[in-house]
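What follows is a set of notes on a single structure, which appears directly below.
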Amino acid sequence: MDDASMVGLMGRVTGTIGPGLVGEVIVRVRGGAEHFLAHPADGSGHIECGTVVMVVEHLPPRTVYVTRAYDS
């Protein structure tokens with residue numbers, strides 16, 4: 001899967017994301033669901049487990065930068 005096709009996909013946080021932390025998200029991709037290492041797109045703030053996020057950048061093979069999908 002190329003970088004462009006990952007951008008814009010939605011996922012759910014399965015490991016807290018934040019500065020100094022390598023979090024984890026699960027994203028539905030390639031007909032299934034896969035886990036990716038995740039970092040906050042803005043470089044700050046924490047995103048807790050269970051939060052719905054959107055992929056804004058993909059660094060192959062398994063790293064994504066994400067932002068909250070919905071304001072809360």
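Since the model is a prediction, treat every value here as computed from it, not as a measurement. Just so you know, these numbers use all the heavy atoms, side chains as well, and skip hydrogens, waters and symmetry mates.
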Open item on the list: How close do His46 and Pro19 get, counting heavy atoms only, and between which atoms?
Closed with: CE1-CD, 4.1 Å
- [ ] Measure across Phe36 and Thr63 and return the closest heavy-atom pair with its distance rounded to 0.1 Å.
- [x] CD2-N, 4.3 Å
Task: Reported CD1-to-NE2 distance for the pair Ile26 and His35, which is rounded to 0.5 angstrom - done: 3.5 Å
Open item on the list: Using the rule side-chain contact (heavy atoms from CB on, under 4.5 Å), only one of Ile17, Val25, Val53 pairs with Val64; which is it?
Closed with: Val25
Open item on the list: Going by side-chain contact (heavy atoms from CB on, under 4.5 Å), Ile47 matches just one of Val52, Val66, Leu21. Which one?
Closed with: Val66
Open item on the list: I need the Met54 CE to Leu9 CG distance, nearest 0.5 Å.
Closed with: 10.0 Å
Task: Arg28: salt bridge (charged side-chain N to carboxylate O under 4.0 Å, His left out) partners, not counting sequence neighbours - done: none
TODO: For the pair Arg12 (side chain) and Gly50 (backbone), establish whether a donor and an acceptor sit closer than 3.5 Å, ignoring hydrogens and angles.
DONE: yes
Open item on the list: Run Arg68 and Thr51 through side chain to side chain contact (heavy atoms under 4.5 Å, CB included) and show every step you take.
Closed with: CA-CA 7 Å; Arg68 291 177 189 273; Thr51 304; 3.6 Å; yes
Task: 4.5 Å side-chain heavy-atom contact, Met6 and Pro60 - done: no
Task: Evaluation steps, side chain to side chain contact (heavy atoms under 4.5 Å, CB included), between Tyr65 and Asp42 - done: CA-CA 9 Å; Tyr65 285 81; Asp42 65 3; over 6 Å; no
